[in-house]
Undergrad: 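Sharing a structure, written as structure tokens. Questions coming.
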Amino acid sequence: MIKVVKFGGSSVANATQFAKVKQIVESDSDRKFIVTSACGKESKEDHKITDLLYLCQAHVRYGVSYDSILSLIKEKYYGIKKDLNLKVDLDREFENMEKLMTRDVSTDYLVSRGEYMTGLLLAEYLNADFVDAKDVISFRFDGEIDMERTKDLLLKHTKPGRKVVIPGFYGALPNGVIKVMTRGGSDITGSVIANVIDADVYENWTDVSGFLVADPKIVDHPLRIPRITYNELREMSYMGANVLHDDAVFPVSSKNIPINVRNTNEPDNPGTMIMNDCSEYDALEAPNFVTGIAGRKNFTIITLIKNHCSTEVGYLRKVLSVFEEFRISVESVPTTVDTTSVIVQSELVSECIYEIVARLREVIHPDDIRIDEHLALIAIVGRAMKHSPGISGRLLSEFGRHEINIRAINQSGDEMCIVVGVDNRDFEKAVRAIYTKFIAEVNEK
């Protein structure tokens, strides 16, 4: 069996966390490929190394002294080196970096140094080979990762049977220029490597024990989700349950490689297993009707009223074309015989809402247009809901019992997700009501 393991910033924040990583890696000989993020925060007052590097680059660009920022970065890495008695030549690494820190320094190069130096330290500490991500993660000029070339390069730069440490977050273009991914991109590096080596499992080690059914800031001690499908994960992640980078899913799901989200600080906790198909396990242990609850605040509903609009051919296309003109992504489009509501993120239309309304009047000539703000959307996700008649009815009844007004409701055709819209002020109360009814009460029986 081959396992790719990725450790997030909190897992490599200091020497104590490095020791936990070593224990995890050495406890399983299948953990051959190790991907690391840059050092994260040790405490709330601390700074992420990547944040400091971005700040450093801004100072360089505007000709402002960056010495105090760089000293914080050096303090972090020299501290880990000293505490673990390592021999990595950090003097040379920082000297090389500072030589390039002129006004035209590449932002991608500079911010990638966090993962790079963390990887150097971790490789020595684990007695593993260090492989620079620029030598194996290959980007095309269009920004997409070249999976075939990445596979060839990885085979070229690794030795069979040896543990390998690879920095996350960056790779290189065909001309050798370093290119970084979006923030949190180390998750993507791990999934790409899992794809090209056909790993059996991709373990993503972070500071939480997998996915929770609901936000612990809203629900006290919510249950952990033992297994979740990739489709369920996508629904929950989009609605705010961010444990894993969205783009980390595709490279592994395409090859049916499960992701195991684990907690570096609780290594014995099995975490959450993310899979294409959980039916084999569901047959042995029936899952909850609701897998997870996630949501976000601050949406706007634009409701268009026009008699018999539902029978007008092309009506909906005309409505949506207006939002396309303004490059506004649409969340949902609830409709009735005479009304069409378009739900969008409030921040996207805050500066152009009246222009959109004017354009809608020109294009479809509605009888009236209404704008309602301060809406929250909550997604109730569960692969088992389609086998459980009456879930929507029970949901509506529960909201009525708690005097929560539902301002919009939408359900996908596969019955895996129900999205309800409530007032922002009712958001937390609604999430707690759903959790109590479909999770807490069910699991108490």
Side-chain angles (χ1 to χ4, degrees), residues 1-40 49-50 77 80-81 84 86-88 112-137 145 150-151 153-171 180-181 184-207 244-245 248 251-252 257-267 271:
M1 179 177 283
I2 301 175
K3 294 181 179 179
V4 172
V5 293
K6 177 263 176 179
F7 292 95
S10 62
S11 300
V12 289
N14 53 33
T16 301
Q17 294 300 96
F18 265 61
K20 294 177 183 178
V21 168
K22 185 172 186 177
Q23 187 173 13
I24 289 167
V25 171
E26 292 184 346
S27 68
D28 189 339
S29 60
D30 294 331
R31 293 171 176 143
K32 299 289 188 185
F33 292 83
I34 301 103
V35 175
T36 182
S37 297
C39 297
I49 290 296
T50 303
Y77 286 109
I80 292 173
K81 176 183 175 178
L84 299 178
L86 302 176
K87 298 178 180 179
V88 173
S112 72
R113 296 306 85 188
E115 277 76 12
Y116 172 77
M117 283 189 276
T118 305
L120 287 174
L121 292 169
L122 189 60
E124 180 185 342
Y125 186 55
L126 297 178
N127 188 28
D129 295 334
F130 174 78
V131 175
D132 195 343
K134 73 177 178 60
D135 295 327
V136 291
I137 302 296
I145 294 176
T150 295
K151 180 177 182 178
L153 290 171
L154 195 62
L155 292 173
K156 177 182 176 181
H157 287 87
T158 56
K159 300 173 185 176
R162 286 285 296 169
K163 285 186 172 66
V164 178
V165 172
I166 303 170
F169 186 47
Y170 72 95
V180 299
M181 304 168 189
S186 293
D187 288 343
I188 303 173
T189 303
S191 66
V192 167
I193 292 171
N195 175 295
V196 299
I197 67 168
D198 294 315
D200 295 283
V201 179
Y202 170 32
E203 292 182 346
N204 194 291
W205 293 82
T206 179
D207 55 4
L244 191 69
H245 195 295
V252 287
I257 299 169
I259 302 175
N260 191 190
V261 179
R262 306 280 292 273
N263 190 341
T264 304
N265 303 312
E266 295 181 14

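If you're wondering where the values come from, they're calculated on a predicted model, not measured in any experiment. Below, all heavy atoms of this structure are taken into account, side chains as well, without hydrogens, waters or symmetry copies. Throughout, residue positions are numbered sequentially from 1 according to the sequence presented.
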Undergrad: Got a second to check how far I80's CD1 is from T118's OG1, nearest 0.5 Å?
TA: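 Between I80 CD1 and T118 OG1, I get 6.5 Å after rounding to 0.5 Å.
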
Undergrad: Begin with the C-alpha distance, continue with both residues' side-chain angles, and end with the deciding distance and a verdict on side-chain contact (heavy atoms from CB on, under 4.5 Å) for D129 and T158.
TA: CA-CA 8 Å; D129 295 334; T158 56; over 6 Å; no

Undergrad: Output, in order, the C-alpha distance, side-chain angles, deciding distance and verdict of side-chain contact (heavy atoms from CB on, under 4.5 Å) for Y77 and I49.
TA: CA-CA 10 Å; Y77 286 109; I49 290 296; 3.6 Å; yes

Undergrad: Between the side chain of N195 and the main-chain N/O of P251, is any donor-acceptor distance below 3.5 Å?
TA: yes

Undergrad: Centre-to-centre under 6.0 Å for Y202 and F33, is that the case here?
TA: no

Undergrad: Rounded to the nearest 0.5 Å, what separates atom OG in S191 from atom CG in N204?
TA: 9.0 Å

Undergrad: At what distance, to the nearest 0.5 angstrom, does CG of D207 lie from CG of N263?
TA: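 If I round to the nearest 0.5 Å, the distance is 6.5 Å.
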
Undergrad: Assess, by modelled atom type and distance only, whether the side chains of T189 and Y170 contain a donor and an acceptor separated by less than 3.5 Å.
TA: no

Undergrad: Evaluate F7 against V25 for side-chain contact (heavy atoms from CB on, under 4.5 Å), listing each step before the verdict.
TA: CA-CA 10 Å; F7 292 95; V25 171; 3.9 Å; yes

Undergrad: So which atom in V164 and which in A128 form the shortest heavy-atom distance, rounded to 0.1 Å?
TA: N-CB, 4.2 Å

Undergrad: Looking at CD1 of I166 and CG of D132, how far apart are the two atoms once the value is rounded to the nearest 0.5 Å?
TA: 10.0 Å

Undergrad: Cut-off 3.5 Å, side chains only: do K20 and Q23 have a donor facing an acceptor?
TA: no

Undergrad: Report yes or no: does K81 contribute a side-chain atom to a donor-acceptor pair with the main-chain N or O of V88 at less than 3.5 Å?
TA: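 Side chain of K81 to backbone of V88: a pair is present.
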
Undergrad: For a quick test of reading the model, state the closest non-hydrogen atom pair linking V131 to H157 and the distance between them.
TA: CG2-O, 3.5 Å

Undergrad: Taking side chain as C-beta onward, heavy atoms only, is I193 less than 4.5 Å from I137?
TA: yes

Undergrad: For D200, give me all partners under salt bridge (charged side-chain N to carboxylate O under 4.0 Å, His left out), at least two apart in sequence or on another chain.
TA: none

Undergrad: To the nearest 0.5 Å, tell me how far T150 OG1 sits from L155 CG.
TA: 11.0 Å

Undergrad: Considering only heavy atoms from C-beta outward, does the side chain of K6 approach that of S37 to under 4.5 Å?
TA: yes

Undergrad: With a 4.5 Å cut-off on side-chain heavy atoms, are V261 and T206 touching?
TA: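 Contact flag for T206/V261 side chains = yes.
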
Undergrad: Check whether any side-chain heavy atom of I145 lies under 4.5 Å from a side-chain heavy atom of M181, and answer yes or no.
TA: yes

Undergrad: Could you state the interatomic distance from CG (L121) to OH (Y116), rounded to the nearest 0.5 Å?
TA: 10.5 Å

Undergrad: Are any non-hydrogen side-chain atoms of I197 and V4 less than 4.5 angstrom apart?
TA: yes

Undergrad: Answer yes or no: is there a side-chain heavy-atom contact under 4.5 Å between E115 and S186?
TA: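 They are in side-chain contact.
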
Undergrad: Any sub-3.5 Å donor-acceptor pair from E203's side-chain atoms to K3's backbone N or O?
TA: no

Undergrad: With a 4.5 Å limit on heavy-atom distance, are the side chains of V5 and D28 in contact?
TA: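 No, too far: nothing below the 4.5 Å cut-off.
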
Undergrad: Please give me the minimum heavy-atom distance between F130 and P167, naming the atom from each residue.
TA: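 So the minimum-distance heavy-atom pair works out to CE1-CG, 3.6 Å.
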
Undergrad: Are V12 and Q17 close enough, and set up right, to give a side-chain contact (heavy atoms from CB on, under 4.5 Å), and what steps lead you there?
TA: CA-CA 5 Å; V12 289; Q17 294 300 96; 5.7 Å; no

Undergrad: Answer yes or no: is there a side-chain heavy-atom contact under 4.5 Å between K163 and N127?
TA: no

